[in-house]
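Reading through the structure tokens given below for one structure.
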Amino acid sequence: MQRHGQIIKLKPGVLESYAKYHSEVWPGVLATIRECNIRNYSIFHKDGFLFAYFEYVGTDFDKDMQKMADDPPTREWWKIMGPMQEPLKTRAEGEWWAEMDEVFHLD
């Protein structure tokens, strides 16, 4: 299992809408997340930043992320979420949410 932490900015004035969408995530999007071996997924908000945490239980992360990106309902979801988000300028090439480095973990 791999732990992932990611961060992105939320544009001003959209938190209420963003939270409402996430209180009723489309079933097809949730199914795809599970099919792509994502577990224990949470998104947190603080001061205009979103922090996501999830655990990846598959064996080919890049392949599963491509599968997710190719899923039509997920692509439609991203078309709605994308304009609400502002990626960090320091993110790696090809990232939307910036991957974070784990510096501590305790089981």
Discussion item. Checking side-chain contact (heavy atoms from CB on, under 4.5 Å) between Met65 and each of Lys67, Met68, Lys63, which is the one that passes?
Written reply: Met68
Practice prompt. Please answer: with hydrophobic residues joined when any side-chain heavy atoms are less than 4.5 Å apart, are Tyr21 and Leu15 in the same cluster?
Written response: yes
Donor-acceptor contacts under 3.5 Å from residues 25-37 side chains, at least two apart:
| residue | atom | partner | partner atom | Å |
| --- | --- | --- | --- | --- |
| Thr32 | OG1 | Gly28 | O | 3.0 |
| Thr32 | OG1 | Asp71 | OD1 | 3.4 |
| Thr32 | OG1 | Asp71 | OD2 | 3.0 |
| Asn37 | ND2 | Asp64 | OD2 | 2.7 |

Worksheet item: Taking all atoms of both residues into account, what is the closest heavy-atom pair of Pro87 and Gln85, and its distance?
Response: CD-O, 4.0 Å
Fill in: Side-chain (Lys11) to main-chain (Pro83) donor-acceptor, under 3.5 angstrom
yes
Discussion item. For Glu16, is there an ion pair with Lys20 - N to carboxylate O distance below 4.0 angstrom?
Written reply: no
Fill in: Pair Leu10-Met84, side-chain contact (heavy atoms from CB on, under 4.5 Å): steps then yes or no
CA-CA 6 Å; Leu10 194 60; Met84 295 187 212; 4.3 Å; yes
Fill in: Met81 CE to Ser17 OG distance, which is reported to the nearest 0.5 Å
6.5 Å
Practice prompt. State, to 0.1 Å, how close Met1 and Val57 come at their nearest heavy-atom pair, and which atoms those are.
Written response: CG-CG1, 4.0 Å
Worksheet entry | Distance in Å, His22 NE2 paired with Leu50 CG, rounded so as to fall on 0.5 Å steps | 8.0 Å
Discussion item. Testing the 3.5 Å rule here: is there a donor-acceptor pair between the side chains of Gln66 and Asp70?
Written reply: yes
Worksheet entry | Sub-4.5 Å side-chain heavy-atom contact between Arg3 and Tyr53 | yes
Discussion item. Less than 6.0 angstrom separating the ring centers of His45 and Phe49, yes or no?
Written reply: no
Worksheet item: Are Met100 and Phe44 connected in a single hydrophobic cluster, I mean Ile/Leu/Val/Met/Phe/Trp/Tyr linked by side-chain heavy atoms less than 4.5 Å apart?
Response: yes
Practice prompt. Quick one: sort the Phe61 and His4 rings into parallel, tilted or perpendicular, breaks at 30° and 60°.
Written response: parallel
Item to complete: Given side-chain contact (heavy atoms from CB on, under 4.5 Å), test Ile7 with Leu88 step by step and report yes or no.
Response: CA-CA 8 Å; Ile7 191 167; Leu88 274 62; 3.8 Å; yes
Worksheet item: Between CD of Gln6 and CD1 of Ile43, what distance do you get to the nearest 0.5 Å?
Response: 9.0 Å
Worksheet item: Any idea how Tyr41 and Phe54 line up, ring-wise: parallel (<30°), tilted (30 to 60°), or perpendicular (>60°)?
Response: perpendicular
Practice prompt. Report whether Trp97 and Val14 are members of the same hydrophobic cluster (ILVMFWY, side-chain heavy atoms less than 4.5 Å apart, transitive linking).
Written response: yes
